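Structure first, then comments.
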Amino acid sequence: MSELGKDARALIDAARSGDEPGPGDKQRLRAAIVSSLAATAAGASVPVVTKAAALEVAGSSLATVGGASLLKKALAVTLVAGALGGGWVATLKQESPSPTAASSAPQASPVDATNHGAPPLALPPSMPALEAEEGESISVESAVAPPSPPSRPAKPLGTDRRAEVPHPAAPTNLAEELAILKSAQSALRDGDFGRARALAEEHLSRFPRGALRLEAQATRWLARCASEPRHTLTREVKPFLDSAARSPLADKVREACVPDRADDRIP
Amino acid sequence: MKAVVGDTIHTPASAPEGRIRAPADIEPIRDFSRIYDEHFAFVWRTARRLGVPDASLDDAVQEVFLVVHRQLAGFEGRASIKSWLFQIARRICADHRRALRRRGPHESLSEATFSAPADGPLDRLAQAEATALLHRLLESLDESKREVFVLVELEQMSIPEAAEALGIGLNTAYSRLRLARRDFERALSRARSMPPTREVTR
């Protein structure tokens with residue numbers, strides 16, 4: 001069979017390494033995969049566990065987890081703070097207390113109940129484990145939430161290659177967040193600015209690390225700027241505009257809250 | 001039950017490297033991690049070479065590993081791990097290419113189009129241009145030829161390995177590779193005869 005010519009071979013040799021991933025790609029994608037799996041797990045699992053449960057995995061004494069369906073199940077949440085660009089990982093492990101079930105399905109997916117046979121998420125050896133503190137209650141939401149609030153809705157798939165990978169909130173919380181924000185925005189459209197602001201603030205207090213936090217903040221500012229003299233808010237709104245500089249929401253808020261673009265250059 | 005914290009994240013020192021074992025005798029936690037660590041670059045390269053634009057690359061690679069995670073327990077080790085990964089990757093890459101065609105050509109402009117190091121070091125520029133040209137030439141190949149070309153010429157798999165990864169017979173693999181090489185050479189000649197362009201499309 002004819003081989004490639006010299007020119008083609010030289011091109012391939014020159015170009016081959018151009019397709020290698022960059023130094024941060026592997027870790028970034030790992031964090032994104034972890035987030036996706038954790039989000040899936042959170043959606044398929046119960047919302048609340050105790051940190052004690054995570055420490056008592058060996059004893060499987062997890063009856064305190066709560067919920068009738070959980071009486072036969074144990075759920076352990078291991079939080080691992082990774083060196084993956086601030087990534088947080090939740091490994092959810094679910095097991096049946098039944099000895100036969102436990103022995104017959106040792107490799108059943110601990111991540112996704114619908115994900116039969118899939119292995120639990122593996123974590124890199126370089127990731128230090130964050131030891132849970134006994135007795136302190138945590139939720140799956142907090143397990144999958146990042147240490148600092150994400151500035152955009154969680155988007156495990158479709159992340160910008162070079163952007164920090166956002167971490168999804170539990171889907172149930174996301175639905176709740178969305179419901180509150182929808183109401184707030186509806187109130188905003190109806191001119192009920194007080195209610196819009198109250199709902200946005202409710203969102204922010206209930207979901208301080210929510211995936212839609214930025215949207216809630218923007219809604220609150222839009223409500224305030226519609227109901228209060230704009231010039232009094234110009235300075236107050238600046239930190240938000242700075243923090244959300246890349247968001248289209250910032251433009252909306254700026255338009256609503258800053259009388260003139262020149263005023264954006266507040267000393 | 002074993003403690004979860006800490007010890008599940010380590011690959012055991014005794015684990016033999018490079019041997020694909022059936023899931024029954026391995027701990028999947030560790031294996032997924034190993035597969036990811038050892039084959040991430042392969043999946044990444046494959047996605048790029050099978051025509052996934054940079055803008056969708058993260059998605060495609062992530063999808064591949066999510067499928068791997070889901071299907072790992074069912075992987076019987078009959079094929080090599082690379083073949084298995086390639087089979088998953090080619091399906092996902094095909095989906096991404098289809099989606100790209102639906103969205104229109106403007107979506108195919110990757111970020112590298114705008115971030116090519118035109119004023120960077122010469123070697124980086126040369127490599128970026130070579131890679132861009134390689135991708136253009138790969139783009140000119142039929143999908144079936146492209147796949148075998150990528151595996152054999154770029155990933156340096158043997159032809160039997162490539163045939164296995166593609167699920168085709170050995171003779172078919174040889175035939176496709178021969179045609180792929182011919183088409184690649186022709187496309188390269190055409191590209192060389194055209195006036196140089198500064199645009200880097202990948």
Side-chain angles (χ1 to χ4, degrees), chain A residues 1-5 7-8 11-12 14-21 25-26 28-30 32-33 36-37 54-55 57-60 74 76-80 91 93 95 102 107-109 111-112 115-125 127 129-132 156-162, chain B residues 1-6 8-11 23-24 27-37 40-41 44-45 48-49 54-59 61-63 65-66 69-74 111 126-135 137 153-154 174 177-178 181-182 184-185 188-189 192:
Chain A
M1 181 167 44
S2 63
E3 294 291 325
L4 277 179
D7 194 16
L11 171 69
I12 285 174
R16 184 177 277 127
S17 60
D19 283 327
E20 292 295 333
D25 292 328
K26 190 173 183 179
R28 189 187 64 254
L29 264 291
R30 189 199 300 269
I33 290 165
S36 290
L37 293 173
L55 297 174
V57 173
S60 299
V77 175
T78 302
L79 286 178
V80 179
T91 298
K93 204 148 191 171
E95 70 165 20
Q107 293 184 36
S109 170
V111 172
D112 181 355
N115 192 7
H116 303 293
L121 183 64
L123 304 168
M127 290 174 67
L130 179 70
E131 297 290 338
L157 291 174
T159 51
D160 187 306
R161 275 183 66 189
R162 289 176 291 197
Chain B
M1 181 178 167
K2 292 176 185 173
V4 174
V5 177
T8 56
I9 67 173
H10 299 295
T11 301
E27 289 189 47
I29 265 187
R30 291 168 177 153
D31 239 33
F32 180 73
S33 184
R34 238 177 72 193
I35 289 170
Y36 185 86
D37 284 340
F40 171 79
W44 179 276
R45 290 192 304 265
R48 292 199 75 188
R49 291 166 178 171
D54 282 356
S56 305
L57 200 54
D58 272 15
D59 289 359
V61 174
Q62 195 177 334
E63 283 173 45
F65 281 104
L66 289 174
H69 183 271
R70 200 163 57 240
Q71 296 185 356
L72 185 57
E111 64 190 40
Q127 188 188 60
E129 287 184 339
T131 307
L133 176 58
L134 173 68
H135 287 166
L137 300 180
E153 297 295 353
L154 294 163
Y174 274 107
L177 181 60
R178 183 176 54 79
R181 282 172 173 166
R182 185 200 63 190
F184 187 86
E185 296 271 19
L188 180 59
S189 297
R192 295 286 194 221

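First the proteins, then the strands, lettered A, B, ... as listed; each starts at 1. These numbers were taken from a predicted model, which means no experiment stands behind them.
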ask   = For A/A8, does its backbone N or O pair with a side-chain atom of B/E185 as donor and acceptor, under 3.5 Å?
value = no

message = Assess the residue pair B/L154 and A/D19 against the criterion (side chain to side chain contact (heavy atoms under 4.5 Å, CB included)); give the C-alpha distance rounded to whole Å, side-chain angles, the decisive distance to 0.1 Å, and a yes or no.
response = CA-CA 10 Å; B/L154 294 163; A/D19 283 327; 5.6 Å; no

ask   = What's the shortest heavy-atom distance between A/G18 and B/T131, and which atoms?
value = CA-OG1, 3.4 Å

message = With rounding to the nearest 0.5 angstrom, report the CZ to CD1 distance, B/F184 to A/I12.
response = 4.5 Å

note = CD1 (A/I33) and CD (B/E63) are apart, to the nearest 0.5 Å, by 10.5 Å

Check: A/L11 and B/L137 side chains under 4.5 Å, non-hydrogen atoms = yes

ask   = Could you state the interatomic distance from CZ (B/F65) to CG (A/L29), rounded to the nearest 0.5 Å?
value = 8.0 Å

query = Do you know the tightest heavy-atom contact between B/A130 and A/A14?
reply = CB-CB, 4.0 Å

message = Looking at A/R28 and B/D58, would you say the former's side chain and the latter's main chain have a donor-acceptor pair under 3.5 Å?
response = no

Heavy-atom check, side chain of B/D37 versus side chain of A/R30, under 4.5 Å = yes

request  = Take B/E153 and A/R16, measure what side chain to side chain contact (heavy atoms under 4.5 Å, CB included) needs, and give me the verdict at the end.
outcome  = CA-CA 10 Å; B/E153 297 295 353; A/R16 184 177 277 127; 5.8 Å; no

request  = With a 4.5 angstrom heavy-atom cut-off, could you sort out which part of B/Y36 is near chain A: side chain, backbone, both or neither?
outcome  = both

